[in-house]
Amino acid sequence: MQKPVVTRFAPSPTGTLHIGGARTALFNWLYAKHTGGRFLLRIEDTDRERSKQEHVDAILNSLRWLELDWHGEPLFQFARADRHREVARQLLAEGKAYNCYLTTADLEAMRGAIDAERALAREEKRAPRGPQTIQSPWRDRDPKEAPAGVTPAIRLRAPREGETIVEDKVAGRVVVQNTQLDDMIIVRSDGAPTYNFAVVVDDHDMGVTHVIRGADHLNNASRQTQVYLACGWDVPVWAHVPLIHGPDGAKLSKRHGAQGTDEYRAMGYLPVALRNYLVRLGWSHGNDEIMSTEQMVEWFELDGIGKSAARFDFAKLADLNGHYIRKSSPAQIKARLQEALPEMENGAVTKAELDRVGWDTLDAILPALMERAKTLKDIPAGAAFLLATRPLKLEEKAAKILDTDAKATLKSLAAEFATAATWDAPTLDGIIRAYAEQAGKKLGQIAQPLRAALTGSTVSPPVGDMMVALGCEEALARIADQAA
RNA sequence: GCCCCGUUCGUCUAGUGGCCUAGGACACCAGCCUCUCACGUUGGUAACACGAGUUCGAGUCUCGUACGGGGCGCCA
């Protein structure tokens, strides 16, 4: 029987959840769901300087927001240092690792010598001589010769001949000559286990069967393979996912606008849209673009992952987001908005305003706003006319529309509206249409001045909807403000 | 510099030797719908990096070149 699949996401809490990390987490989550396996979380907090609890919280929050649930409690890597050292001791006892008494100064000197030889070789147009990696003499030296007072680092006794092969589900078969790999340090001289070692021990202990992570770790995979082999453990299935680049093709960075998942929330993107966008970045299932989470789970396979890096395209994300906003219920959007508004630009002010007048004020116009929104930000922006106070400030174009003719139209229209039997959109629309017909004018000649008077703008939801949202009194007052 | 990886429309991608006069989506352009905007809808512009080879036949296989990315720590 096939072992049940165990995947994991292992972020370092040195910042917020990077959008690339979000995709990695999504892929791991999807694959676990797809195979009926488990998705685990491990916090790689061994960098004591940069690891912060606030970052752990931020990452966990982003994962929850994305609705990527993990199995059990997150494992903290730093807390497992004793276990890592124990495995290292075992390797030492078996002769698969050794104490290395090289000092930092020694290493610098050796690297300097290698660089110098390489430079010389280039000049003389010949191949560089001697080892091209750090080769510790302590690999073969008698430990009795150890200098007094120097605490050793522990190095893995890696094979110096042959090759190390990584069978990657995405990259394929990656072969690295062992001469390229030095004896990696697994425990530092201060007793702290190194990343490439701790990762292997943890993944093994957690029972991880599939390591799905960024392609920036592909080189690490060969080193880690050597650790697995030394320990006599099964090597997991590797899948190194190509990185996400910014729109200009360079590594996604601050300059591109947003790297943190929390920033996308603040920009008004829906988790369902972000998931759909992210899953199509580097993975495909035929020509399917829009897919439900259920479909993603059903379809997600490792061999659907592409080999090349993808550029982030905000326009496509926005399109997807608009789609999912339209598919949501007004209640869902209202809830999302309440959640995200405090994080948005000027959102706190808008939220205070809406809290004051009551969120129900939005109800009449929300569906019309959702129809037009690309991000949640567009909702408060589109509802701004509701919160505005008379007399309205007119945009230049709006002022232009309100010429003498238009003002006269508004005046006679106001009288018609005052007779409305009920104040709802169909009735009001009916009045507008009847008036246009009777006056022999196009609808636009009536609706545009109305729009200008109601909003001070030339762009808005349908006027009928807005009049209902504003209420009879306010709507008529705004029309009267602009009427001749 | 060394090692590893990649390269199909502007972008994300389909494509696993003949179904490709290369398909879809976003973006863009034009039309329709229409009270503006948006939605929807119809159509359009637009790509196999380059060069050799294998083959009856190559976007698909091989090699080279160019370009891009990643990695070279007692960081993670």
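In what follows, chains carry the letters A, B, and so on, assigned in the order in which the sequence lines appear, proteins first and then strands, with residues in each chain numbered from 1.
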| After noting the C-alpha distance and the side-chain angles of A:T375 and A:N321, does the key distance pass the side-chain hydrogen bond (donor to acceptor under 3.5 Å, both in side chains) rule? | CA-CA 6 Å; A:T375 72; A:N321 205 52; 5.4 Å; no
| message | Test: side-chain hydrogen bond (donor to acceptor under 3.5 Å, both in side chains). Region: residues 438-451 of chain A. Which pairs qualify, not counting sequence neighbours? | response | A:T409-A:K441, A:Q448-A:R451, A:R451-A:S460
| task | Select base, sugar-phosphate, or nothing to describe what A:G214 touches, counting heavy atoms under 4.0 Å on all strands. | result | nothing
| said: Mind checking if A:V199 touches a base, just sugar-phosphate, or nothing, with heavy atoms under 4.0 Å? | reply: nothing
Just grab all the salt bridge (Lys or Arg N to Asp or Glu O under 4.0 Å) pairs involving [range], residues at least two apart or on different chains.
range	answer
residues 269-282 of chain A	A:E67-A:R275, A:R280-A:E289
residues 303-315 of chain A	none
residues 161-178 of chain A	A:E167-A:R173

Identified pairing partner of [N], criterion: Watson-Crick or G-U wobble below 3.5 Å:
N	answer
B:rU34	none
B:rC9	none
B:rG43	B:rC29
B:rG1	B:rC72
B:rA52	B:rU62
B:rU21	none

Whole angstroms only, please: what is the [atom1]-[atom2] distance between [X] and [N]?
X	N	atom1	atom2	result
A:F312	B:rU13	CZ	P	12 Å
A:E167	B:rC4	CD	P	16 Å
A:H245	B:rU11	NE2	C1'	14 Å
A:L320	B:rA25	CG	C1'	9 Å
A:D313	B:rC28	CG	C1'	12 Å
A:N321	B:rA25	CG	C1'	16 Å
A:L243	B:rG70	CG	C1'	7 Å
A:D288	B:rG15	CG	C1'	15 Å

What interatomic distance, in whole Å, is found between [atom1] of [M] and the corresponding atom of [N]?
N	M	atom1	result
B:rG68	B:rA49	C1'	11 Å
B:rU13	B:rC4	C1'	25 Å
B:rG43	B:rC19	P	24 Å
B:rU45	B:rU54	P	37 Å
B:rA14	B:rG24	P	15 Å
B:rC72	B:rG10	C1'	34 Å
B:rA38	B:rA47	C1'	31 Å
B:rC9	B:rA27	C1'	11 Å

| task | Using side-chain contact (heavy atoms from CB on, under 4.5 Å) as the criterion, point out the one residue from A:V87, A:I186, A:I154, A:V187 that pairs with A:L92. | result | A:I154
| query | Of A:T225, A:V175, A:V176, which is the lone residue that meets side-chain contact (heavy atoms from CB on, under 4.5 Å) with A:I165? | reply | A:V175
| task | Would you give a per-nucleotide map of nucleotides 32-50 of chain B, 5' to 3', where B means the base has a protein non-hydrogen atom under 4.0 Å away, S means only the sugar-phosphate does, and - means neither? | result | ---BBBBSS----------
| remark: Per-nt protein contacts along nucleotides 71-76 of chain B (heavy atom under 4.0 Å; B base, S backbone sugar-phosphate only, - none) come out as S-SBSB
| message | List the residues meeting side-chain contact (heavy atoms from CB on, under 4.5 Å) with A:A434, not counting sequence neighbours, and say none if there are none. | response | none
| note | Applying side-chain contact (heavy atoms from CB on, under 4.5 Å) to A:A318 and not counting sequence neighbours gives A:K374
| request: Using salt bridge (charged side-chain N to carboxylate O under 4.0 Å, His left out) as the criterion, list what pairs up with A:D45, not counting sequence neighbours. | output: A:R48
| query | Under the salt bridge (charged side-chain N to carboxylate O under 4.0 Å, His left out) test, which residues partner A:D106, sequence neighbours left out? | reply | none
Atom pairs, N/O to N/O, protein against nucleotides 18-23 of chain B, distance under 3.5 Å?
from	atom 1	to	atom 2	distance (Å)
B:rG23	N2	A:N287	OD1	2.3

| request: Tell me yes or no: between the side chains of A:D202 and A:Q77, is some donor less than 3.5 Å from an acceptor? | output: yes
| task | Look at A:E86 together with A:R83 and state whether they make a salt bridge at an N to O cut-off of under 4.0 Å. | result | yes
| message | Show me the pairs that pass ring pair (Phe, Tyr, Trp, His ring centres under 6.0 Å) and involve residues 101-129 of chain A, at least two apart or across chains. | response | A:Y101-A:W138
| message | Taking the nucleotide of RNA chain B with the nearest heavy atom to each, does A:A315 or A:Y277 sit closer to the 5' end? | response | A:Y277
| Taking OP1 and OP2 of B:rG6, is either one under 4.0 Å from a side-chain nitrogen or oxygen of A:K307? | yes
